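A quick note: this is a predicted structure, and the numbers were derived from the prediction, not measured. Proteins get letters first, then strands, A, B, ... in listed order; numbering begins at 1 in each. As a basis for the values below, the full set of heavy atoms in this structure was taken, side chains included, without hydrogen atoms, waters or symmetry mates.
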Amino acid sequence: GENVEQHPSTLSVQEGDSAVIKCTYSDSASNYFPWYKQELGKRPQLIIDIRSNVGEKKDQRIAVTLNKTAKHFSLHITETQPEDSAVYFCAATLSGTYKYIFGTGTRLKVLA
Amino acid sequence: GAVVSQHPSRVICKSGTSVKIECRSLDFQATTMFWYRQFPKKSLMLMATSNEGSKATYEQGVEKDKFLINHASLTLSTLTVTSAHPEDSSFYICSARMSSTGTGELFFGEGSRLTVL
């Protein structure tokens, strides 16, 4: 089955700097890769996603890149703000199954 | 946007009792719902896939007789933790996908924190 690894587990950056979180997956059949943000005590919320037919997707300060050959994808947050502090989870799934396998999470702290 | 609601948000029970957690899609129909377990500072571990009108599909290592899942309607799935023990204490969270769209996005409930004494 699918296995998703995520690094780093914790990340501290200064406000205004960029943050990068990386994930690798094992199942080459996976073709949908969402990223979720979970604030303390709250539900995970989708922040960006990418499908396997696209190499990069950007939404304002957030971007995701996908390397299908290497089976890894990354989340990039630019101009970080204190409100970006949260736990971020990547996931991989076969589109249509909706069975997400989540990474282990990255706790991001943006220092003011 | 799509809203998924869980109830209760917190529950404390005695060892040996059973606890039911509800997951409702408030403004959309959900053919499929998913149940996860999240340990402190850990990831979301998929427990089972709940399909409306049929038996749930459990992930390897999850006891189906321990964690009973029922998906009786397109807007409601329930997870019952039977004969709960302290090691069942955890954060349980559900998610649902819209039946009418293939975007792939899952919408999550706010989670239910179970404490077994």
So, do E2(A) and S26(A) sit near enough that their side-chain heavy atoms are less than 4.5 Å apart? yes

Structural part of [X] lying under 4.5 Å from a heavy atom of chain A:
X	answer
L44(B)	both
Q38(B)	side chain
Q60(B)	neither

Ring centres under 6.0 angstrom apart ([X], [Y]):
X	Y	result
F73(A)	F33(A)	yes
Y36(A)	F108(B)	yes
Y100(A)	Y36(B)	no

Counting heavy-atom pairs under 4.5 Å to chain B, which of K99(A), K42(A), R107(A), Q6(A) comes out on top? K99(A)

When I101(A), V87(A), T104(A) are compared by non-hydrogen pairs under 4.5 Å with chain B, the top option: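 If we count pairs closer than 4.5 Å to chain B, T104(A) comes out on top.
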
Residue selection (most heavy-atom pairs with chain A, distance under 4.5 Å) from G109(B), G111(B), S9(B):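 Greatest number of close heavy-atom pairs with chain A: G109(B).
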
Any chance the side chains of Y25(A) and N3(A) put a donor and an acceptor closer than 3.5 Å?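 Looking only at side-chain atoms, N3(A) and Y25(A) do not form any donor-acceptor pair under 3.5 Å.
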
Does any backbone or side-chain atom of Q38(A) lie under 4.5 Å from a heavy atom of chain B? Answer side chain, backbone, both or neither. side chain

Please list, chain by chain and in numerical order, all residues satisfying ring pair (Phe, Tyr, Trp, His ring centres under 6.0 Å) with Y92(B), sequence neighbours excluded. none

